[in-house]
Amino acid sequence: MRFTIETEREQDGRWIAEVIGLPGVMKYGETQADAIAKAEALVLRVLAERIEAGEGPLESIEIRFAAA
């Protein structure tokens with residue numbers, strides 16, 4: 001699995017990081033790096049919940065993040 005994270009600076013100075021391919025998975029941070037780290041952690045939580053619910057892959061997975 002490979003996820004692309006797009007970042008943008010808001011008018012109020014905060015950064016938002018959005019994970020492409022996972023609707024609604026986005027996080028704010030004080031810095032760009034902070035927003036990316038929070039988004040990566042959220043991806044892992046979402047995937048863990050899907051696996052626990054039987055919706056995720058049963059085989060081994062490799063996760064890569066690429067900042068856009």
Side-chain angles (χ1 to χ4, degrees):
M1 297 179 163
R2 183 180 186 106
F3 297 101
T4 300
I5 298 175
E6 292 183 351
T7 59
E8 185 177 326
R9 192 162 198 173
E10 299 284 307
Q11 290 182 347
D12 62 5
R14 296 181 302 164
W15 284 87
I16 187 166
E18 179 178 4
V19 181
I20 306 305
L22 287 176
V25 178
M26 59 183 73
K27 291 298 270 184
Y28 282 99
E30 291 184 28
T31 65
Q32 184 178 29
D34 182 41
I36 290 171
K38 288 178 179 180
E40 289 173 344
L42 182 56
V43 166
L44 297 174
R45 284 189 211 103
V46 167
L47 291 177
E49 288 177 7
R50 288 183 180 180
I51 291 169
E52 288 177 344
E55 300 171 12
L58 298 177
E59 71 279 354
S60 297
I61 60 172
E62 177 182 335
I63 300 172
R64 297 180 187 199
F65 294 101

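What you see is a predicted model; the values in this text were computed from it and never measured. In this chain, residues are counted from 1 in sequence order.
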Rounded to the nearest 0.5 Å, how far does [atom2] of [Y] lie from [atom1] of [X]?
{"X": "Lys38", "Y": "Ile5", "atom1": "NZ", "atom2": "CD1", "answer": "13.5 Å"}
{"X": "Leu47", "Y": "Glu52", "atom1": "CG", "atom2": "CD", "answer": "11.5 Å"}
{"X": "Thr4", "Y": "Leu22", "atom1": "OG1", "atom2": "CG", "answer": "10.5 Å"}

Identify the heavy atoms of [X] and [Y] that sit nearest to each other, and give their distance.
{"X": "Asp34", "Y": "Thr31", "value": "N-OG1, 3.0 Å"}
{"X": "Ala35", "Y": "Lys27", "value": "CB-O, 3.9 Å"}
{"X": "Phe3", "Y": "Ile20", "value": "CD2-O, 4.2 Å"}

Exercise. Consider only side-chain heavy atoms of I, L, V, M, F, W and Y, link residues closer than 4.5 Å, and tell whether Met26 and Ile36 are in one cluster.
Key: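 Cluster IDs for Met26 and Ile36 differ.
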Exercise. Kindly write out the residues that satisfy salt bridge (charged side-chain N to carboxylate O under 4.0 Å, His left out) with Arg50, not counting sequence neighbours, or none if the list is empty.
Key: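 With sequence neighbours excluded, Arg50 shows a salt bridge (charged side-chain N to carboxylate O under 4.0 Å, His left out) to no residue whatsoever.
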Quiz item: Do other residues, nucleotides or ligands put more than 12 heavy atoms under 6.0 Å from the CD atom of Glu30?
Solution: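 Counting other residues, nucleotides and ligands, CD of Glu30 stays at 12 neighbours or fewer.
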